[in-house]
Amino acid sequence: MQTSTAVKKNVFDRIIDSIEWMAALFVGLVAANIFISVLLRKFFSTSIPDAYDFGRLMLGILIFWGIAATSYRGSHITVDLVWSLSNARLKRFIDVFATLVLLFVVTVQTIMLFDKVRGTYNDNVLTYDLNLPTWPFFAVAWMGDVCAVLLIAIRTWRLIFQPETLEEHPEHKDVE
């Protein structure tokens, strides 16, 4: 029985790590786009066609994949005055409740973002210079949101059934 739990845990951890690496990849792509665009403009008086559109669309992708990466770790901005003054049982209840609310909100957001993907596809929205379809960018952003739902669901599962597998509010660790 413990073997299957260890396998599931490793699969979950691999999924989590892969999603976090995807978020990091998009940070790099956005930074590279900005850096190359500035260099080309400054030294060669030219630009990447659709650099603005690519930057804007990749920033959207980055935001949704970033939501996925921070949602599982619980490293996003929190207001936890009540939590820090609570006993262990109430802290766990607050964590589970807050994660369930987050799961609901991000699930609704994911459904609405899919509507945006479908709308840009149906309306044939294109970039300015190269006339490339924008819906694939929206689809990649939507996949980040789907990953956020997946990670929040994993976090919720672990909070309820395997709380020992989660790091308890890393910002509250004692520094030695």
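Everything quoted here is computed from the prediction, not taken from an experiment.
For the side-chain hydrogen bond (donor to acceptor under 3.5 Å, both in side chains) condition, the pairs that include at least one residue of residues 112-141, sequence neighbours left out, are D50-T127, D115-R118. Each side-chain hydrogen bond (donor to acceptor under 3.5 Å, both in side chains) pair with one or both residues in residues 16-29, not counting sequence neighbours, appears once here: E20-R73.
Every residue meeting the ring pair (Phe, Tyr, Trp, His ring centres under 6.0 Å) condition with W157, not counting sequence neighbours, appears here in chain and number order: F161. By the side-chain hydrogen bond (donor to acceptor under 3.5 Å, both in side chains) test, T99 is found to be paired with no residue, residues two or more places apart in sequence or in another chain being considered. Residues satisfying the side chain to side chain contact (heavy atoms under 4.5 Å, CB included) test with V106, not counting sequence neighbours, are L102, T110, D145, A148, V149, I152. Residues meeting the salt bridge (Lys or Arg N to Asp or Glu O under 4.0 Å) test with R92, sequence neighbours left out: none. Partners of F114 according to the ring pair (Phe, Tyr, Trp, His ring centres under 6.0 Å) rule, which considers only residues two or more places apart in sequence or in another chain, are W142. Residues that satisfy the side chain to side chain contact (heavy atoms under 4.5 Å, CB included) test with V108, not counting sequence neighbours, are F104, M112. Partners of L90 by side chain to side chain contact (heavy atoms under 4.5 Å, CB included), not counting sequence neighbours, listed by chain and number: S86, N87, F93, I94. Every ring pair (Phe, Tyr, Trp, His ring centres under 6.0 Å) that F26 has, sequence neighbours left out, goes to W65.
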Identify all side-chain donor-acceptor contacts of residues 30-42 below 3.5 Å with residues at least two apart in sequence or on another chain.
{"unit_1": "N33", "atom_1": "ND2", "unit_2": "A51", "atom_2": "O", "d": "3.3"}
{"unit_1": "S37", "atom_1": "OG", "unit_2": "N33", "atom_2": "O", "d": "2.8"}

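Considering only heavy atoms from C-beta on, L150 stays 4.5 Å or farther from V146 through its side chain. You'll find the side chain of F137 stays beyond 4.5 Å of the side chain of R56, heavy atoms only.
In this structure, Y52 shares a hydrophobic cluster with no other residue, the cluster being traced through Ile, Leu, Val, Met, Phe, Trp and Tyr side chains under 4.5 angstrom apart.
Contact between A23 and L62 at its shortest, heavy atoms only, is O-CD1, 3.8 Å.
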